[in-house]
*Asks:* 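The structure that follows is given in the form of C-alpha cells.
Worth knowing before you read on, the calculation uses all heavy atoms, side chains too, and leaves out hydrogens, waters and symmetry mates.
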2 protein chains.
Amino acid sequence: MSSASKTLDLLTYFTVDRPEIGLTRLCRLADRDKATTYRHLQSLEGAGFVEQNPLTKNYRLGPRLLQLAQIREVTVPRSAGVEAPLNVLADATGETSHVSVLSGQTLYTLEAVESPRHSIRVIMDVDTFPLHATSSGHCALAFGSPALMDVAAGSLTAFTETTVTDPQDLRTRVEVTQSSGFARSTGSFEDDVYSLGVPLFDQTGLFAGAVSTASVASRFTPELEQIIKSHLIIAARAITRNWGGTVPASVEAAWAATLAQPQELEPST
Amino acid sequence: MSSASKTLDLLTYFTVDRPEIGLTRLCRLADRDKATTYRHLQSLEGAGFVEQNPLTKNYRLGPRLLQLAQIREVTVPRSAGVEAPLNVLADATGETSHVSVLSGQTLYTLEAVESPRHSIRVIMDVDTFPLHATSSGHCALAFGSPALMDVAAGSLTAFTETTVTDPQDLRTRVEVTQSSGFARSTGSFEDDVYSLGVPLFDQTGLFAGAVSTASVASRFTPELEQIIKSHLIIAARAITRNWGGTVPASVEAAWAATLAQPQELEPST
DNA sequence: AGTAGTGGTTCATATTGTGAACCCTTGTTT
DNA sequence: AAACAAGGGTTCACAATATGAACCACTACT
C-alpha cells in the first residue's frame with residue numbers, strides 16, 4: 001500500500017458522528033504508528049484536507065474539501081455516474097433499465113438504456129414518473145420525504161386496471177417496498193410491463209432517485225426476478241457511490257433479507 | 001516534499017475551467033514524471049478522489065469529495081473558521097472586530113471580539129446589520145447579489161445625521177466599495193463609530209459575509225486606517241479560505257491598488 | 001511527587017518511490 | 001498500407017523517502 005493511499009485512508013475515519021479525532025485516537029483507529037500518522041496528518045493539513053481545532057488539538061476535515069466538492073458538483077453531471085452501471089445492468093439482465101432523479105416532488109428520467117438481447121423489449125418514452133404507479137415512484141414514496149406521499153395520494157390516476165388508486169392500498173405497498181428494499185410494479189403503469197426498482201442516495205444522505213428495470217410480463221419469471229434484483233443492488237451501490245452517497249444500512253439489510261428468502265427453501269447446513 | 005503531499009497536490013490542477021485532465025497533460029502541468037503521476041492518480045482513484053472518464057480516459061474529481069465535504073459542512077460551523085483570524089485582527093488593530101454572514105437578504109452577526117487595548121471601545125450589541133448604513137452592509141451590496149440593492153433601497157432608515165438615505169448616493173458609495181475593495185462607514189450607523197469592512201466568500205464563489213472593525217471616531221487616524229486595512233485583508237483571506245472559498249482576483253486587485261495609493265505620494269524608483 | 005494521558009520529535013533502518021525507457025493502442029499523415 | 005505522433009500504461013535498477021521504537025514536553029488528575 002502506497003504512502004499516499006495510507007494518508008488518504010485516514011480521512012475515512014471522519015464521520016458525522018465522529019467529526020474530530022485526536023492523534024492518538026486516530027492511531028488506534030487506523031492501527032498505525034503515531035509518528036507515521038502524524039506525518040500523514042501534516043500532509044493532509046498542508047493541503048487543507050484536515051485542520052486542527054486550535055482548542056482541543058483534535059483534527060477535523062478541512063475547508064479544501066468544500067472547494068473541490070464544489071468543482072466536482074458544478075463540473076460532473078449526475079448522468080456521468082449513471083452510464084456505466086446502467087449499461088452493466090441492462091447487459092446482465094437483458095432488460096430495459098433506467099435511472100430517474102427526484103427534483104422537487106417529481107421523478108424525472110435521467111437516463112435509460114435498452115438491452116439488445118431480446119427483440120421484444122420495453123421502450124422508455126416517458127420523462128416523468130407517476131409516484132403511485134411505477135416502481136421508481138414507489139421507491140420515492142418509501143425512501144424519500146414523507147411529504148411525497150401526500151402529493152402521490154392527491155393524484156391517483158388509473159393508468160391500467162391494476163394501478164393502485166386507493167390511498168390505503170398504496171400505503172401498504174409502500175411499506176412492503178420499505179421492508180424489502182425493492183419496489184415492484186406489475187403492469188400498474190403500462191399493461192404487460194413488470195418493473196423492479198431500488199432507491200438511490202446522494203451526498204446529503206437522502207433519497208435522490210431510483211434505478212429500475214422494465215420487463216415484458218411474459219418473460220418475468222422468478223429466476224429472472226432474482227437475477228434482476230441482485231444486479232439492481234450492484235447498480236444502486238455504484239450510482240449512489242458516484243453521487244457521493246452511501247446506501248443506508250437499513251436498505252442494505254432489507255436487500256440482504258429479501259435475497260436470502262428463496263434460499264431458505266433449500267435445506268441449510 | 002512527501003509523496004502524499006505530491007499526490008494531493010495533483011488535485012489543485014482541477015478547476016471549473018479545467019475539470020478533466022489527461023495523464024500526459026497533468027504531467028506537464030505538475031512538471032512530474034509520467035509514471036509517478038500515474039501512480040499518484042491510482043492512489044487518488046482508489047480513494048475516490050478522482051475518477052476516470054471511461055470514454056476519454058481523462059481524470060476528473062471523484063465522488064468521495066462530495067461525501068467528505070458534506071461531513072465537513074454538517075460538522076464544522078462557520079464560526080469555527082472565524083475565531084482565530086478575528087482574534088488576530090482585534091489584537092493587531094486594537095479595535096472591536098466582527099464577522100457577519102449573509103442569510104437570505106439579511107446580514108447577521110456571526111462573531112464579535114473586542115480588543116482590550118483601549119478602555120474606550122465600541123461594543124457590538126446589534127445582531128443584524130442594515131445594508132445601507134454599515135460597512136458590512138456596503139460589502140454585501142458591492143459584492144453580493146444585485147437584488148440586495150433593491151432591498152436596501154427600500155428601507156433607507158436614517159440612524160444618524162450622516163446615514164445615506166438617497167438611493168443614488170448609496171449606489172455611488174457602493175461603487176467606491178467595489179473599486180477599492182473596502183467599505184467605509186463614518187458614523188453612518190452610530191455617531192462616532194467609524195468602520196472598515198471587506199467581503200468574505202464561500203465555496204460557491206459568492207459573497208458570504210463580511211469582516212469589519214469598528215473604531216471610535218477620535219482614534220481613527222490615516223495611519224490606523226492603513227493598519228486596519230492590511231489586517232482586514234489577512235483576516236478576509238483566512239476566513240474565506242476556511243469557508244472553502246477563494247478571494248476573487250478582482251477583489252485582490254482592488255485591495256492591492258488601494259493599499260498602493262498612499263505610497264504613490266513617495267517618489268517612486 | 002507520581003502517574004497516565006496527550007501531541008509532537010528523533011534517527012537508524014528498510015521499505016517505498018522514482019524516472020528513463022519501454023510497450024500498446026488509436027488516430028492521422030504520407 | 002506503411003510510417004508517424006501522441007496518448008495511456010508498465011518495467012526495473014537505483015535512491016530517496018517512509019517507518020516506528022524510543023524519546024521529549026506538556027497537562028490533568030491522584
*Asks:* Could you tell me how far apart B:Leu41 (CG) and D:dG7 (P) are, to the nearest whole angstrom?
*Replies:* 15 Å
*Asks:* Let me know the distance between CG of B:Leu55 and P of C:dT26, rounded to the nearest Å.
*Replies:* 14 Å
*Asks:* Quick one, B:Phe182 with B:Glu225, criterion side-chain contact (heavy atoms from CB on, under 4.5 Å). Give me CA distance, side-chain angles, the key distance, then yes/no.
*Replies:* CA-CA 11 Å; B:Phe182 293 93; B:Glu225 182 167 348; over 6 Å; no
*Asks:* Would you classify B:Gln42 as touching base, sugar-phosphate or nothing, given that sugar-phosphate means primed atoms plus P, OP1 and OP2, and contacts are heavy atoms under 4.0 Å?
*Replies:* nothing
*Asks:* Please say whether more than 12 non-hydrogen atoms of neighbouring residues, nucleotides or ligands are located less than 6.0 Å from CZ in B:Arg241.
*Replies:* no
*Asks:* If the cut-off is 4.0 Å, is B:Arg28 near the phosphate of D:dA6, judged by side-chain N/O to OP1 or OP2?
*Replies:* no
*Asks:* Let me know the distance between NZ of B:Lys57 and P of C:dT25, rounded to the nearest Å.
*Replies:* 11 Å
*Asks:* In whole angstroms, how far is the P atom of D:dT19 from the CG atom of A:Asp31?
*Replies:* 14 Å
*Asks:* Going by atom types alone, do A:Ser43 and B:Ser2 pair a side-chain donor with an acceptor below 3.5 Å?
*Replies:* yes
*Asks:* Going through the distances and angles, do B:Glu95 and B:Arg121 end up as a side-chain contact (heavy atoms from CB on, under 4.5 Å)?
*Replies:* CA-CA 7 Å; B:Glu95 303 291 339; B:Arg121 55 184 187 243; over 6 Å; no
*Asks:* Given side-chain contact (heavy atoms from CB on, under 4.5 Å), test A:Ile234 with A:Val88 step by step and report yes or no.
*Replies:* CA-CA 9 Å; A:Ile234 295 168; A:Val88 171; 5.6 Å; no
*Asks:* Just the table, please: protein N/O against nucleotides 15-19 of chain C N/O, every pair under 3.5 Å.
*Replies:*
from	atom 1	to	atom 2	distance (Å)
C:dG17	OP1	A:Ser3	N	2.6
C:dT18	OP1	B:Lys6	NZ	2.6
C:dT18	OP2	B:His40	NE2	3.0
C:dG19	OP2	B:Thr36	OG1	3.0
C:dG19	O6	B:Arg39	NH1	3.4

*Asks:* Whole-Å distance between D:dG7 C1' and B:Leu26 CG?
*Replies:* 14 Å
*Asks:* Just the rounded figure in Å: distance from C1' of C:dG5 to CG of A:Asn58.
*Replies:* 13 Å
*Asks:* How far does CD1 of B:Ile239 sit from CG of B:Leu89, to the nearest 0.5 angstrom?
*Replies:* 8.0 Å
*Asks:* How many Å lie between CG on B:Asn53 and P on D:dG8, as a whole number?
*Replies:* 12 Å
*Asks:* Counting only side-chain nitrogens and oxygens, does A:Tyr38 get under 4.0 Å of the OP1 or OP2 atom of D:dC23?
*Replies:* no
